[in-house]
Engineer: 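Please read through the structure below; I'll follow up with questions.
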Amino acid sequence: MGIWSLWLILGVGFLIAEVLTMSTTCLYIGTGALAAMCGAFLGLGWTGTIVTFVVATVLLYLLTYRWRGKLLRALHKGARHTATGMDALIGRTGTVELADTFRMRIDGDKWQIRPAHPEVKLRAGEEVRVVGYDSIILSVEKENTKNQ
C-alpha cells in the first residue's frame with residue numbers, strides 16, 4: 001500500500017466525518033489529506049506529504065475563515081435545533097401550587113417558580129407560562145396577562 005492510499009483513507013474519513021458533524025474542521029483536515037495524497041502521486045515522500053498536508057490545511061483555513069459563518073449557515077440550512085435542558089422548559093405551562101414556596105409541576109417534576117414581574121402576585125390554581133429561569137428557579141407570567 002502506497003503513501004497515497006493512506007492519505008486517501010484519511011481524507012475520505014474526515015470528509016465523511018464532516019458530513020456527520022457539519023463543523024467545517026473535518027473539511028479542512030480532509031481536504032488537506034487529499035492535497036497530501038496528490039503530493040504523494042507527484043513523488044513526495046512522507047516528509048513532503050506531511051508538509052503538504054499541514055500547509056494545505058492551514059492555508060484552506062486561513063482563506064475560508066472570513067466566510068466560515070456563511071458556510072456553516074449554508075451547511076445547517078433547514079436543520080431543526082431542539083431546545084434541551086432548562087431551555088426546553090421555556091414556553092411550558094402549568095398550574096401554580098402553593099406549599100412553603102410557589103411551585104408548578106412539569107412532566108412530573110415540581111419546579112420552584114417566581115413571577116417574572118415582581119409586582120404580579122401569584123395565587124394557587126392560576127395558569128402560568130415559563131418565560132425564563134435563574135439557576136433552577138423558573139420565572140413565570142400569568143397566562144392571561146400574556147394576551148393583554
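Computed from a predicted structure; not experimentally measured. The basis for the numbers below is simple: all heavy atoms, side chains too, and nothing from hydrogens, waters or symmetry mates.
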Engineer: Atom CD1 in Ile137, atom CZ in Arg103: separation rounded to 0.5 Å?
Structural biologist: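 One finds 9.0 Å between CD1 of Ile137 and CZ of Arg103.
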Engineer: Please find the pair of heavy atoms, one from Lys121 and one from Glu126, that lie closest to each other, and give the distance.
Structural biologist: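 Heavy-atom minimum between the residues: O-OE1, 3.9 Å.
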Engineer: Are Leu10 and Ile3 connected in a single hydrophobic cluster, I mean Ile/Leu/Val/Met/Phe/Trp/Tyr linked by side-chain heavy atoms less than 4.5 Å apart?
Structural biologist: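 Looking at the clustering, Leu10 is in the same group as Ile3.
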Engineer: Scan Arg92, Arg129, Met104 and name whichever one has a side-chain contact (heavy atoms from CB on, under 4.5 Å) with Val140.
Structural biologist: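 Answer to the side-chain contact (heavy atoms from CB on, under 4.5 Å) test with Val140 among Arg92, Arg129, Met104: Met104.
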Engineer: Classify the angle between the aromatic ring planes of Trp7 and Trp46 as parallel (below 30°), tilted (30 to 60°) or perpendicular (above 60°).
Structural biologist: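 Tilted, since the angle between the ring planes falls between 30° and 60°.
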Engineer: Taking the side chain as every heavy atom from C-beta outward, state whether Thr49 and Trp4 have any pair of such atoms under 4.5 Å apart.
Structural biologist: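 No, every pair of side-chain atoms sits at 4.5 Å or beyond.
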Engineer: Find the distance between CG (Leu89) and OH (Tyr133) and round it off to the nearest 0.5 Å.
Structural biologist: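 Here the interatomic distance stands at 9.0 Å.
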Engineer: Please tell me if the side chains of Val96 and Ile113 come closer than 4.5 Å, counting only heavy atoms from C-beta onward.
Structural biologist: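 With C-beta onward as the side chain, the pair touches.
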Engineer: Same cluster or not: are Ile50 and Leu59 linked, directly or through other Ile, Leu, Val, Met, Phe, Trp or Tyr residues, by side-chain heavy atoms under 4.5 angstrom apart?
Structural biologist: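 No; Leu59 is not reachable from Ile50 via cluster members.
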Engineer: Could you tell me whether the side chain of Phe14 reaches within less than 4.5 Å of the side chain of Leu27, counting heavy atoms only?
Structural biologist: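 In short, these two side chains do not touch, never coming nearer than 4.5 Å.
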Engineer: Using atom types as modelled and distance alone, determine if a side-chain donor or acceptor of Thr31 lies under 3.5 Å from a backbone N or O of Tyr28.
Structural biologist: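 Side chain of Thr31 to backbone of Tyr28, a donor-acceptor pair under 3.5 Å: no, none is there.
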Engineer: Do Glu97 and Lys110 touch side chain to side chain, with heavy atoms closer than 4.5 Å?
Structural biologist: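 Result yes, sub-4.5 Å side-chain heavy-atom pair found.
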Engineer: If Ile, Leu, Val, Met, Phe, Trp and Tyr residues are connected whenever their side-chain heavy atoms lie under 4.5 Å apart, and connections chain through other members, are Val54 and Ile29 in the same group?
Structural biologist: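 In one cluster with Val54: Ile29, yes.
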Engineer: Give me the atom names and distance for the closest heavy-atom approach of Gly32 to Thr57.
Structural biologist: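 Nearest heavy atoms, Gly32 then Thr57: CA-OG1, 3.4 Å.
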Engineer: Does one side chain, of Thr93 or Glu143, offer a donor that lies under 3.5 Å from an acceptor on the other?
Structural biologist: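 No, because no side-chain N or O of Thr93 sits under 3.5 Å from a partner of the opposite role on Glu143.
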Engineer: Would one find more than 12 heavy atoms of other residues, nucleotides or ligands at under 6.0 Å from atom CD1 of Ile136?
Structural biologist: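 No, because the 6.0 Å sphere around CD1 of Ile136 holds 12 heavy atoms or fewer from other groups.
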Engineer: What are the two closest non-hydrogen atoms of Cys26 and Thr21, and how far apart are they?
Structural biologist: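 It is SG-OG1, 4.3 Å.
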Engineer: Grab the two heavy atoms, one from Val131 and one from Ala116, that are nearest each other, plus how far apart they are.
Structural biologist: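 Closest approach of Val131 to Ala116, heavy atoms only: CG2-CB, 3.6 Å.
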Engineer: Are the side chains of Arg114 and Ser139 in contact, using a 4.5 Å heavy-atom criterion?
Structural biologist: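 Answer yes - side chains close enough.
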Engineer: Answer with yes or no whether the hydrophobic clustering places Val51 together with Leu42; edges join I, L, V, M, F, W, Y residues whose side-chain heavy atoms lie under 4.5 Å apart.
Structural biologist: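 In one cluster with Val51: Leu42, no.
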Engineer: Among the clusters formed by ILVMFWY side chains lying less than 4.5 Å apart, do Leu34 and Leu20 turn up in the same one?
Structural biologist: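 Per the 4.5 Å side-chain linkage, Leu34 and Leu20 are co-clustered.
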Engineer: Is there a side-chain contact between Leu138 and Ile106 in this structure, where contact means two heavy atoms from C-beta onward sitting under 4.5 Å apart?
Structural biologist: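 In short, these two side chains touch, coming nearer than 4.5 Å.
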